[in-house]
Structures are given as C-alpha cells and as structure tokens.
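Read the structure below first, then the notes.
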Amino acid sequence: MDRLSTLLSQFGVRARLFHNGTVCSVASIDDAGHGYLHLLQGGTVTLRSPKAPDLLVTRPSLMFLPRPLPHTMIASEADPAKLLCASLAFDGGGSNPLSASLPDRLVLALDELPMLAETLRWLFEEAAAENCGKEAVLDRLFELLVIQLLRHLLAHQGLSTGMMAGLADPRLSRSLVQMHNTPQRAWTVGELASESNMSRASYAAHFRTVLGQTPADYLLSWRISLAQKRLLQGRPIALIADEVGYESPSALARAFRRKTGSSPRDWMKSLQADPQSA
C-alpha cells in the first residue's frame with residue numbers, strides 16, 4: 001500500500017534554491033506564496049517565527065516550514081550559519097491538504113534522519129561544486145528531500161494529528177488511501193471501517209480522534225481540494241464533478257459552497273483578484 005504516491009501526484013512540490021552560503025546577521029523571509037526548507041550545515045542560527053518561541057539551532061539541522069510563514073534567521077559574525085535554503089510551492093496552493101496537514105515549522109537534527117543521509121550528502125556535495133546545471137540539480141534534490149522527509153514522518157509516526165498522522169496509523173491508513181485513490185466512489189462509514197478491519201463505531205471514533213473530523217467531512221475536504229486544483233488547471237466543471245464523485249456540476253457547486261463558503265465561480269474570481277491566496 002503506497003500512502004504517498006497519490007498525494008504527491010495530486011499535490012506535488014516544486015523547490016527553488018535561493019541561498020547557498022553563510023548568514024552572519026539577520027535575514028528576514030516573508031514571501032506569502034511559498035513554504036521553505038532550510039538546511040543548516042554548520043554554525044548556529046536562531047529561527048524566529050510568529051506564535052512560537054525563538055529556537056536556537058546549534059546542530060546541523062533541517063528546518064521545514066511547509067506553508068507561507070514570515071520568519072527570520074539570526075546568526076552572528078562570531079559563529080556564522082552555513083545554510084542551504086529553498087522555497088517550496090505545493091500544487092494546489094498554500095492550503096492544499098498535504099502541506100495543511102503538517103506543523104507550521106519542523107526542526108530535526110540531520111544525524112537523526114538516516115533515511116535522508118544519502119540525499120543530504122549528494123545535495124551538500126553538489127552545492128559545494130561548480131558543475132553545469134547545478135541549480136537545477138539542487139532544486140530536484142530539495143524536492144526529493146521533501147518526499148523522503150514525508151516518508152520519515154510516516155515511518156516514525158512523527159505527527160500526532162491530521163492527515164499525515166492518519167496515514168501513519170496502521171488502523172486508518174488503508175481507508176485513507178482508498179479515499180485518496182477513488183474519491184468518486186460514494187464511500188460509507190461502514191465500507192471505510194471494513195477497509196480498516198474495525199467496527200463502524202470504533203472506526204468513526206478513532207478517525208475523529210486522529211484526524212479531527214468525521215470520515216464524511218474528510219472525504220468532502222479531499223474532494224473539494226481536488227476540485228480546486230482542477231479549477232486552477234482550467235478543467236470544465238462538468239468533468240471535475242464526475243472525477244471527484246458528484247452526479248452534476250450543481251451538486252459539486254453545493255458541496256463546494258458548503259466547504260468554502262463560496263461557489264466555484266466566486267472562488268476563482270477571488271483568486272484572480274488576489275493570486276497569492278491560491
């Protein structure tokens with residue numbers, strides 16, 4: 001059972017290197033359209049972000065901010081921080097279900113990430129060299145690093161709530177993968193519970209504890225996220241409705257309004273007025 005491939009095929013990530021070197025003062029980062037991945041190779045840096053205490057990072061570490069979040073990197077001339085930094089853009093925008101299921105920031109020491117070790121070694125070697133296509137290779141390696149980080153979180157059950165926690169849960173993962181793979185199916189709680197080898201009541205209660213919503217609400221959210229992505233791609237709403245499990249465009253529009261508070265047409269107009277809200 002592949003818990004990530006469908007997610008990544010629908011809501012993949014693109015990375016772009018923007019810093020390779022030292023920081024010895026204050027670097028403020030505030031791009032409303034991107035997440036970030038920072039790799040501290042050496043030195044010391046303080047990560048400052050809203051609604052969280054300052055974090056002093058003294059070991060080589062990975063700092064992952066999957067959604068747009070203004071933050072500041074603070075280092076000193078006495079112990080400058082050697083950093084590799086990339087911006088991240090997830091398909092479907094900043095509110096896509098994959099990035100939305102992750103914490104605002106995640107900081108992990110590199111020596112605690114053996115699954116990522118080979119990619120990190122390759123990435124650091126490429127960053128230090130002057131080969132043709134260097135930036136393109138680094139961008140792809142950062143994207144690979146994100147996938148491997150998601151694998152690590154699933155393998156080590158690194159999150160306690162949300163979609164990624166559900167995918168890491170042996171009792172819930174199969175039913176979630178089934179919803180992801182076949183959103184057009186009219187899933188019932190009984191059918192999903194059967195996929196998880198649980199009683200209907202036990203499944204519904206456990207699902208709500210781990211994911212924070214009912215199975216029906218989750219399926220609605222997943223379908224609407226898929227619909228939003230397809231709308232951004234310019235797909236006709238009649239085709240989208242069939243692909244995500246609604247018998248007509250009007251049925252999709254009603255579900256869309258119930259989830260987002262606006263019709264598909266009005267939602268698209270709001271994005272055209274403010275593209276960074278996508």
Side-chain angles (χ1 to χ4, degrees), residues 4-5 7-8 12-31 33-49 52 54-91 98-99 102-156 158-159 164:
L4 280 179
S5 286
L7 269 178
L8 292 167
V13 63
R14 298 180 307 282
R16 183 182 63 82
L17 178 77
F18 71 91
H19 180 79
N20 177 12
T22 58
V23 172
C24 57
S25 56
V26 177
S28 295
I29 302 167
D30 184 7
D31 184 339
H34 296 93
Y36 289 92
L37 184 58
H38 304 291
L39 295 174
L40 177 66
Q41 291 179 261
T44 299
V45 69
T46 297
L47 175 61
R48 177 174 294 167
S49 58
D54 288 1
L55 182 63
L56 177 65
V57 185
T58 60
R59 299 162 60 189
S61 297
L62 175 153
M63 291 164 274
F64 184 39
L65 295 86
R67 293 181 299 282
L69 180 72
H71 60 287
T72 303
M73 313 287 284
I74 305 168
S76 68
E77 293 185 7
D79 190 17
K82 187 177 182 183
L83 287 162
L84 268 175
C85 304
S87 61
L88 305 174
F90 285 88
D91 293 341
L98 180 52
S99 63
L102 298 165
D104 288 339
R105 71 183 194 188
L106 188 64
V107 180
L108 299 168
L110 298 187
D111 61 10
E112 296 175 356
L113 299 170
M115 191 180 291
L116 284 62
E118 187 61 26
T119 302
L120 287 166
R121 181 192 63 77
W122 187 7
L123 197 152
F124 291 147
E125 288 179 356
E126 187 70 30
E130 292 300 333
N131 296 319
C132 295
K134 172 179 176 175
E135 288 193 9
V137 170
L138 289 173
D139 290 349
R140 301 296 85 75
L141 287 173
F142 267 108
E143 292 165 7
L144 176 59
L145 201 65
V146 172
I147 296 171
Q148 291 181 317
L149 176 59
L150 296 174
R151 276 184 180 176
H152 169 85
L153 293 173
L154 289 179
H156 294 83
L159 301 174
M164 288 293 290

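When a residue number appears, it is its place in the shown sequence, counting from 1.
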Between [atom1] of [X] and [atom2] of [Y], what distance do you get to the nearest 0.5 Å?
X      : Y      : atom1 : atom2 : result
Leu65  : Ile29  : CG    : CD1   : 8.5 Å
Leu17  : Arg140 : CG    : CZ    : 11.0 Å
Leu149 : Leu113 : CG    : CG    : 7.0 Å
Asp79  : Cys24  : CG    : SG    : 11.0 Å
Phe18  : Leu84  : CZ    : CG    : 10.5 Å
Leu153 : Met164 : CG    : CE    : 5.5 Å

Closest contact, heavy atoms only, [X] versus [Y]:
X      : Y      : result
Asp30  : Pro70  : OD1-CG, 3.5 Å
Ala86  : Ala15  : CB-CB, 4.5 Å
Arg67  : Ser99  : NH1-O, 2.5 Å
Leu4   : Ile147 : CD1-O, 4.2 Å
Leu159 : Pro103 : CD2-CD, 3.7 Å

Does some side-chain heavy atom of [Y] sit less than 4.5 Å from a side-chain heavy atom of [X]?
X      : Y      : value
Val45  : His38  : no
Arg59  : Leu40  : no
Glu112 : His156 : no
Leu7   : Leu150 : no
Met63  : Leu83  : yes
Leu62  : Leu116 : yes
Leu98  : Leu8   : yes

**Asked** Under 6.0 Å from the CD atom of Glu77, do we count more than 12 heavy atoms belonging to anything else shown?
**Response**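 No, CD of Glu77 has 12 or fewer neighbouring heavy atoms, counting only those of other groups under 6.0 Å.
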**Request:** Determine the sole option in Leu102, Leu145, Val107 for which the side-chain contact (heavy atoms from CB on, under 4.5 Å) test with Phe64 is passed.
**Result:**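 Exactly one candidate clears the test, Leu102.
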**Request:** Could you point out which residue of Arg16, His19, Arg14 forms a side-chain contact (heavy atoms from CB on, under 4.5 Å) with Ser87?
**Result:**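 Among the candidates, only Arg16 passes.
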**Prompt:** Are Arg48 and Asp54 within salt-bridge range, i.e. N to O under 4.0 Å?
**Reply:**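 The answer is yes: the pair qualifies as a salt bridge.
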**Asked** Are any side-chain N or O atoms of Lys134 and backbone N or O atoms of Ala129, one a donor and one an acceptor, separated by less than 3.5 Å?
**Response**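 Between the backbone of Ala129 and the side chain of Lys134 there is a qualifying donor-acceptor contact (under 3.5 Å).
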